[in-house]
Amino acid sequence: MKRKDKKLLATVLLVAGFTLYLTVNSPQTAHAMHIMEGFLPVGWAVFWWVAFIPFFALGVRKLAIITRETPELKLMLGVAGAFTFVLSALKIPSVTGSSSHPTGTGLGSVMFGPLPMSVLGSVVLLFQAVLLAHGGITTLGANAFSMAVCGPFAGYAVYRWLMNSTGKQKLAIFFAAAIADLFTYIVTSLQLAMAFPAESGGILASFAKFGGIFAVTQIPLAISEGLLTVLIWNWLLSY
Amino acid sequence: MIRTIDTLSYRNALSSISPLWKCGFAAVAIALAYASHPPVQLLLTGWMLLWTIGYARIPLKYYAALFGSALLFFAASLPALAIELREGSLAWSDSGLHTAVQVLFRATACLSAMLFVILTTPMAQLFQVLRKIGIPSLVIELMLIMYRFLFLLLETAREMTMAQRARGGHSGFKRKLRDTAMLVTRLFAATMQRYHGLARGLTARGFTDDIRLAPYEGASLSRPRRAEICIGLPLLAAVEIWLRWEGFVWPL
Amino acid sequence: MAAIMEFDKLHYRYSGTDSDALRGLSLRLPEGRKIAICGANGSGKSTMFLHAIGLHRPQSGQLSWRREGLAYDGASLRRLRRQVGLVFQDPEHQLILNTPYEDITYGLRNADVPEPDIRLRTEQIIETMGLSSIARLPIHHLSLGQKKRVALAGVLVLKPELLLLDEPTAYLDRLSERQLLAELDRAHAEGVTVAMATHDMNLAYSWADWILVLNGGECVIEGTPAEVFAQEHRIDELGLELPMLYELWRTLPQALQERSEPPRSLGAFKALLGHLPQA
Amino acid sequence: MAAIMEFDKLHYRYSGTDSDALRGLSLRLPEGRKIAICGANGSGKSTMFLHAIGLHRPQSGQLSWRREGLAYDGASLRRLRRQVGLVFQDPEHQLILNTPYEDITYGLRNADVPEPDIRLRTEQIIETMGLSSIARLPIHHLSLGQKKRVALAGVLVLKPELLLLDEPTAYLDRLSERQLLAELDRAHAEGVTVAMATHDMNLAYSWADWILVLNGGECVIEGTPAEVFAQEHRIDELGLELPMLYELWRTLPQALQERSEPPRSLGAFKALLGHLPQA
């Protein structure tokens, strides 16, 4: 075998190994989409913090207005936040084996609206960093931007759009949840690609690589979460 | 894992030490890790290990498990960093590998500083720190309620799952999906019950519109440890400056 | 005997249900007593407590605190809630802050007590109730018995004049039960009127010196333990059982029964048996 | 006496805790008995049940079902869970579907019973347990006693050979408790081995014919009620209390005590007192 071929073979094996590794049912791989502490270069870490803070501030302002009128709602929001955390720690079945980390942001943004969800979602992320060591503090801005801002807003937009155009609630719920998940994954991949552009091909090539690796777990998860959310919605209506 | 971390944070040798000192120390360490080169980052990691395992006496097995699972993200991203797509075939990229190694050293140093904080500082004290750095009180109140009910709901979810499994549930993809959906719905109902109960309970205790936090308390750091920080950090910064002066190049 | 609190023909129906939870409930809580409020599940005990603290407002009828009708404005309610302390059945409903120490301060801070006083009173109650070893642990690390005692401490620290407890011993094992009852006795000795809802007739019999029996949202019997349980048929009709000690006492020879009041503790019963003629 | 299930030196520690929940637990559940498993909160009763149904896997030690060690593969676990039914303490956690009728079908459907059979068996158990009037009501409209009976029905419909109940009577009023115990006795009469965890010693004494005492994750005493409670000092040391009837019996004149086994019901005690020499 030529040296080059050998190298190529090793690489393919490596990629296959990692892919297999990520699909194996292990609770840790589930949180693969939380960018770890210290992973992003300093410029990007700061950039995503700056991008995230306005949404957070708007969300807090909105919550402040709501809770000033009815202080009990504060308790409700707190309990709902705990519920969201538990949801994100729940193992959900996926086609590739069961795995945790449904984001629950789709359901949440339909129920509470995307802005309140951006506050609850980012607090959930902070708890995940502090109580589970998933994600990190310097990368909280980036993670919150993708999971607590982009995901909920995309899910909510899709929900509104589908409700207006088709009126089919189940369909809208399915896509709201699945798109919230997918969009989170795409934004995270993009964040990584922008921070680490490939030598040849730049951001686009890098995006393909990061997106490709995480697609293995995230796309089936998005579909599962969509299905799950529809079921939950049905139960909630019948309850 | 969540219970383990939570328990350790309350029962380690440094748990009663001023959270502001601990968080400040870790914050400067992270900043230094971002500004420095691998040798200094390595020293930082070691130093944080000394504090977490040596001084705070966090059991090594939990620490290793946490460290390892956090590094999984790095392992997963490694192929994307280090492999190039060139003319339809895959190949190692030297500059990619170089970046990967750099990221690894930085991430390890930052991670060890973060683990130091989360393993040695009880949540209640972190709330105090959040308040000191100006997080809106509404957010802290929400966090307070969340933290209080998080474990309760996790426990409820765990018991419900066990009850379902005891009755033959959770077999096969379709059933798992259905059972999970039922679980979430029941959990939601339980959550709303908790909310109603809490609203009553707190009203009975005079809740009006704010949950007022206890004032800040915290034993200060012992003199030698404080000295260690105050000398150690500038020393590491000096090493970094010297490295840059010498034109340090990482051999990889 | 002065009533510290009085219910006069209270009616209350929960929205979404089709029968009254309280159906003209009239009763008096005599001051300075240890009161047990008995009744099966659903007899209206908890609903009554929620009225006693002004969380529910009766649809008709009148609630009086020390002979004064309760007005349901904010200031009156706040005053009432400082005078009446309610310990819920589920301590999770009333514990909010992270540690017992912090949580006990919560009510004091709501009552605008100055910080140094808060610290002093909190430390005092932690000391007297023997909670020092758990005072700085997060609430979710505590056992149920410990949580119940912390919830009680959070109420007692406000020095209420009337203490209400909803099924305080439910789910507790014997040791935790004894500790809790000891706390209640201490509070009572300091002048607090204590009233607990329970369906454990043995507990009511041995602990209380005044008993109210609720059934279907009404108060159907009241009196001292001896008076209440003398109405054996009535108790039986209500689906309640007699306290075991009382029932056993009733099987003793007539001569022995006439010797004394019905015994309210194992010790008293044993002493009574000591008078048995030896075979 | 054949053991239907046997625990051999089981060790188990929950992650994040620093002491064992089971510390070499060895015990046998004798077939066809009514077994009470006693112990204070935290003595390992619930953990033991979770092992008995294969939900926890011991870190060391061996669990045997009818003399055969349990393999922890999917098929064995499914088989075990059809033979052993577990009723959890809190029915809220166990009831999953919206109405009692639907909920009872849940386990049958998981066991792939054909639909017509499911309907038949569900209707049968609803009939025998007298749940017809509530079968179609939403679960959250039921009282606690009713919920407990529905949870029991959902387990009994699967015809288990061993029925485990975690604190079945906790927080029930007397009437609901009696109904539940009557159901258990019926199941027992049909050949089911019934084991309940409880810290109510009075209940254990009057209901069970075999008693196991757990303490700190070990089984420290086992035997018939008379044998177990004869070890008075031991029981006391463990922080448990003697059943009231037993304790009162011990205060009777020696001659009377020697007449019979300790009485396990009020009736038996009264009968015994009937032999008292009249003063």
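This one's a predicted model, so the numbers in the text were calculated from it and none came from an experiment. Atom set for the values below is all heavy atoms of this structure, side chains included, hydrogens, waters and symmetry mates excluded. Per chain, numbering begins at 1; letters A, B, ... match sequence-line order.
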All heavy atoms of Leu231(A) vs all of Ala181(B), minimum pair found to be CB-CB, 3.3 Å
Would you mind checking which part of Phe210(A) comes under 4.5 Å of any heavy atom in chain B, side chain (CB onward), backbone (N, CA, C, O), both or neither? both
Indicate yes or no: at least one non-hydrogen side-chain atom of Glu141(B) is less than 4.5 angstrom from one of Thr67(A). no
So which residue, Phe151(B), Phe67(B), Tyr34(B), Phe149(B), ends up with the most heavy-atom pairs under 4.5 Å with chain A? Tyr34(B)
Turns out that what part of Phe83(A) lies under 4.5 Å from chain B's heavy atoms comes down to both
Largest heavy-atom contact set with chain B, pairs under 4.5 Å, which of Thr138(A), Leu120(A), Leu227(A), Ile232(A): Ile232(A)
What verdict does the side chain to side chain contact (heavy atoms under 4.5 Å, CB included) test give for Leu131(A) and Leu150(B), after you've listed the backbone C-alpha separation in whole Å, the side-chain angles of each residue and the deciding distance to 0.1 Å? CA-CA 11 Å; Leu131(A) 290 169; Leu150(B) 219 152; 4.2 Å; yes
Take atom CZ in Arg61(A); do more than 12 heavy atoms of anything else shown fall under 6.0 Å from it? no
With a 4.5 angstrom heavy-atom cut-off, could you sort out which part of Val139(B) is near chain A: side chain, backbone, both or neither? side chain
Chain A heavy atoms under 4.5 Å from Leu152(B): which part of the residue, side chain, backbone, both or neither? neither
Looking at Gly96(B), Ser95(B), Ala109(B), Ala190(B), which one has more heavy-atom pairs under 4.5 Å with chain A than the rest? Ser95(B)
For Thr70(A), which atoms come within 4.5 Å of any heavy atom of chain B: side chain, backbone, both, or neither? neither
Of the non-hydrogen atoms in Ala133(A) and Leu115(B), which two are nearest, and what is the gap between them? CB-CD2, 3.9 Å
To the nearest 0.5 Å, what is the distance between CG on Leu81(B) and CG on Leu192(A)? 8.0 Å
Can you find a pair of side-chain heavy atoms, one from Met36(A) and one from Ser77(B), that are under 4.5 Å apart? no
If you round to the nearest 0.5 Å, how far is CG of Leu77(A) from CD1 of Ile145(B)? 8.5 Å
Heavy-atom pair with the smallest gap, counting every atom of Ser224(A) and Leu177(B): O-CD1, 4.1 Å
Whatever's closer than 4.5 Å to a heavy atom in chain A on Leu202(B) counts as side chain
State, yes or no, whether a side-chain contact exists between Ile211(B) and Leu75(A) at a heavy-atom distance under 4.5 Å. yes
Which of Val130(A), Val124(A), Leu63(A) touches chain B most, by non-hydrogen pairs under 4.5 Å: Val130(A)
Over all atoms of both residues, closest heavy-atom pair of Leu142(B) and Gly78(A): CD2-N, 3.6 Å
Taking side chain as C-beta onward, heavy atoms only, is Phe127(A) less than 4.5 Å from Met143(B)? yes
Does CG belonging to Leu58(A) count more than 12 external heavy atoms closer than 6.0 Å? yes
Nearest-0.5 Å distance, CZ of residue Phe74(B) to CD of residue Glu37(A): 15.0 Å
Is chain A contacted by the side chain of Met123(B), its backbone, both, or neither, given a heavy-atom distance below 4.5 Å? side chain
In Å, rounded to the nearest 0.5 Å, how long is the span from NE2 of His134(A) to CG of Leu66(B)? 8.5 Å
Please classify the contact between Leu138(B) and chain A as side chain, backbone, both or neither, with a heavy-atom cut-off of under 4.5 Å. side chain
Need one label for Val230(A): side chain, backbone, both or neither, based on atoms under 4.5 Å from any heavy atom in chain B. neither
Name the region of Ser122(A), side chain, backbone, both or neither, that has any atom closer than 4.5 Å to a heavy atom of chain B. neither
What are the two closest non-hydrogen atoms of Ala199(B) and Glu72(A), and how far apart are they? CB-CG, 4.5 Å
Using non-hydrogen atoms and a 4.5 Å limit, figure out which bit of Tyr147(B) sits close to chain A: side chain, backbone, both or neither. both
With side chain to side chain contact (heavy atoms under 4.5 Å, CB included) as the criterion, how do Ile2(B) and Phe85(A) come out once you've worked through the C-alpha distance, each side chain's angles and the decisive distance to 0.1 Å? CA-CA 12 Å; Ile2(B) 181 163; Phe85(A) 182 95; 3.6 Å; yes
Does any heavy atom of chain B fall under 4.5 Å from the side chain of Phe39(A), the backbone, both, or neither of them? both
Could you walk me through whether Phe73(B) and His34(A) pass the side chain to side chain contact (heavy atoms under 4.5 Å, CB included) test, one step at a time? CA-CA 8 Å; Phe73(B) 179 85; His34(A) 288 50; 5.9 Å; no
Sort out for me which of Ile118(B), Leu119(B), Thr156(B), Leu154(B) touches chain A most, counting heavy-atom pairs under 4.5 Å. Ile118(B)
